[in-house]
Amino acid sequence: MRRLLMLLLALTLAFGCALAEEDEELSILDVLNEVHPDVVEDTIVQPPTEEEIAEQEAASIYEPDGSVLITLSAAGDLRLGGELYEAELAKYAGDAAFVMRNIRETMMEDDLTIVNVDGATAESAAMLPLNGVEAVTLANDGTQAMDEAARQELRQALEDGGATCADAGEIAVREVKGLKIALLSYDCSTGYEKLWNRIPQDVAAAKTQYPVVIASFHWGSENSYMTDGDQVQMGRLAVDSGADLVLGHRSRRIQPIEFYNGAYICYSLGSFCYTAEEKPSDMSSFIFQLRLRLRDGVLTQEGFRILPIRISSRTDRNDFAPSLMDKVTAVDSILGILKENGRTLQYAVEQYPVAW
């Protein structure tokens, strides 16, 4: 009997040791192999497919009512270069993005920002797409003064960063939330003679292909707050030909906005970033913003606003960093200038809202 008990005890200990060894070698695969395949498949979370990712991205562009809301921003002339710019650039260890430090967040919040690049090197402008500038116009006297190789390098740097470029004689297209927007750019600084017949043809041709057409003009007299007859006639001609928005720049000064035949004409957005002067006599400017809504295939305007800015973060000198104005008196001054100078325009807007 004692021998039998001893034998049973020995067998029990041996069996326990075997189980311990098996437990040590047990893996997750051993467990899963013993589970029904359907249970395993339901337990493991699979990464989303490309189709699922595309569907999620598409769904994110819609408002709660199923419409698509697009916010466009437009700023004036941007010129980067020269001794003053190089001296300021050195303070930031050669990081050209220093000019966007105070305005980048604003640019990133919209859906499309358009800036007129009025002369810049490829190295200085390459940072624009990374700081919220999705489209640039290049038909202007500043860019045309550059040699051909430098112009091509500038454009290549912008396009490599993802920006859409519009130069003279071409229709640039940018798709925003499924809406294709055509952008045309013209330099009127040397005269309008060749453009009176061309503008209607170009704009009308673009309008037959794209639902939104924006025409950008480098025009007007420098340092002038007032529009001239050619600007008014050309701007309205563009609208009558199908343009949904007209943007103007060159004067280095802000000029009024008209609402003509269902479209806004911004006669001058002033400067955005101008590195040619250390102490400009007027550093005030603004960014124009327009909202468009696409609902059931019908495109409507949802109003505009302006964002008053100063082309420098400092008041004593130009440090080339566009900044939103925060003083009520400064904002009121800009609004007063625009309203007063709009008195001579038949279709000038009556109010300049600074909020939606």
Side-chain angles (χ1 to χ4, degrees), residues 53-76 103-115 129 132-137 162-164 166 171-185 203-216 235-236 238-248 256-267 269 286-309 324 335 338 347-356:
I53 294 174
E55 289 178 0
Q56 292 172 0
E57 292 178 346
S60 66
I61 70 173
Y62 294 103
E63 299 295 310
D65 63 358
S67 66
V68 176
L69 184 64
I70 297 173
T71 301
L72 310 180
S73 299
I103 207 70
R104 182 181 189 275
E105 183 177 350
T106 299
M107 299 300 199
M108 297 295 290
E109 288 175 348
D110 62 15
D111 300 300
L112 174 63
T113 296
I114 305 169
V115 171
V133 178
E134 292 87 8
V136 302
T137 52
T164 298
I171 300 175
V173 180
R174 182 84 181 191
E175 185 169 331
V176 182
K177 292 184 176 179
L179 182 70
K180 291 185 176 181
I181 299 174
L183 181 60
L184 298 88
S185 180
V203 174
K207 191 61 178 178
T208 61
Q209 304 175 65
Y210 307 102
V212 177
V213 176
I214 301 174
S216 175
R236 293 176 183 174
V239 172
D240 289 335
S241 303
D244 300 283
L245 175 63
V246 173
L247 304 175
I257 298 173
E258 275 195 309
F259 187 65
Y260 169 76
N261 199 14
Y264 291 101
I265 304 175
C266 302
Y267 283 106
L269 298 165
F286 69 88
I287 296 171
F288 174 84
Q289 291 192 318
L290 175 68
R291 277 184 170 174
L292 303 174
R293 189 180 298 275
L294 183 63
R295 181 187 286 110
D296 298 328
V298 178
L299 187 67
T300 57
Q301 293 185 355
E302 295 287 306
F304 82 98
R305 72 172 179 174
I306 68 169
L307 301 179
I309 65 171
L324 294 173
L335 301 183
L338 292 171
Y347 302 100
V349 298
E350 296 182 359
Q351 300 296 328
Y352 288 85
V354 295
W356 295 117

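What's counted below: heavy atoms across the whole structure, side chains too, no hydrogens, waters or symmetry copies.
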| task | Mind checking the OH-CG spacing from Y267 to L338? Nearest 0.5 Å is all I need. | result |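 Atom-to-atom, Y267:OH and L338:CG are 13.5 Å apart.
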| query | When rounded to the nearest 0.5 angstrom, what is the spacing between CD1 in I265 and CZ in F259? | reply |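 It is 10.0 Å, given to the nearest 0.5 Å.
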Please name the pair of heavy atoms, one in [X] and one in [Y], separated by the smallest distance, quoted to 0.1 Å.
X    : Y    : answer
L184 : V203 : CD2-N, 4.3 Å
A263 : V239 : CB-CG1, 3.8 Å
A166 : S185 : O-CB, 3.4 Å
E258 : Y347 : OE2-N, 3.0 Å

Residues that [X] engages under side-chain hydrogen bond (donor to acceptor under 3.5 Å, both in side chains), provided they are two or more places apart:
X    : value
N261 : D240
T106 : none
T113 : D110
D65  : S67, R295

| message | I need the full list of side chain to side chain donor-acceptor pair (under 3.5 Å) pairs touching residues 171-183, with sequence neighbours left out, sorted by first then second residue. | response |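 Of all non-adjacent pairs touching residues 171-183, those that pass side chain to side chain donor-acceptor pair (under 3.5 Å) are D111-K177, T164-R174.
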| Would you find a donor on one side and an acceptor on the other, under 3.5 Å apart, between the side chain of Q289 and the backbone of R305? |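 Pair absent, no side-chain N/O of Q289 close to backbone of R305.
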| Results of side chain to side chain contact (heavy atoms under 4.5 Å, CB included) for T300 - residues two or more places apart only |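 T300 satisfies side chain to side chain contact (heavy atoms under 4.5 Å, CB included) with R293, V298, E302 once adjacent residues are dropped.
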| Sub-4.5 Å side-chain heavy-atom contact between Y62 and V68 |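 Result yes, sub-4.5 Å side-chain heavy-atom pair found.
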| Validation row: L72, I214 side chains within 4.5 angstrom (heavy atoms) |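 Touching, per the 4.5 Å side-chain cut-off.
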Let me check something: any side-chain donor-acceptor pairs from residues 348-356 under 3.5 Å, sequence neighbours excluded? List them with distances.
{"unit_1": "Q351", "atom_1": "OE1", "unit_2": "K339", "atom_2": "NZ", "d": "3.3"}
{"unit_1": "Y352", "atom_1": "OH", "unit_2": "I257", "atom_2": "N", "d": "3.0"}

| query | With a cut-off of 6.0 Å (strictly less than), are more than 12 heavy atoms of other residues, nucleotides or ligands near CD of E105? | reply |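 At most 12 heavy atoms, drawn from other residues, nucleotides or ligands, come within 6.0 Å of this atom.
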| Pick from I287, L112, I114, V115: which one makes a side-chain contact (heavy atoms from CB on, under 4.5 Å) with S73? |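 Of the listed options, the one satisfying the test is I287.
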| task | Using the test salt bridge (Lys or Arg N to Asp or Glu O under 4.0 Å), find all partners of R291 that sit at least two apart in sequence or belong to another chain. | result |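 Applying salt bridge (Lys or Arg N to Asp or Glu O under 4.0 Å) to R291 gives none.
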| task | Tell me, with the steps shown, if Y264 and F288 meet side-chain contact (heavy atoms from CB on, under 4.5 Å). | result | CA-CA 10 Å; Y264 291 101; F288 174 84; 4.0 Å; yes
For residues 241-248, run the donor-acceptor check on the side chains, cut-off 3.5 Å, and write out each pair with its distance to 0.1 Å, sequence neighbours left out.
{"unit_1": "S241", "atom_1": "OG", "unit_2": "L237", "atom_2": "O", "d": "2.8"}
{"unit_1": "D244", "atom_1": "OD1", "unit_2": "K207", "atom_2": "NZ", "d": "3.1"}
{"unit_1": "D244", "atom_1": "OD2", "unit_2": "K207", "atom_2": "NZ", "d": "2.8"}
{"unit_1": "D244", "atom_1": "OD2", "unit_2": "V213", "atom_2": "N", "d": "2.7"}

| query | How far apart are the C-alpha atoms of L294 and I70, what are their side-chain angles, what is the distance that settles it, and do they pass the side-chain contact (heavy atoms from CB on, under 4.5 Å) test? | reply | CA-CA 8 Å; L294 183 63; I70 297 173; 5.9 Å; no
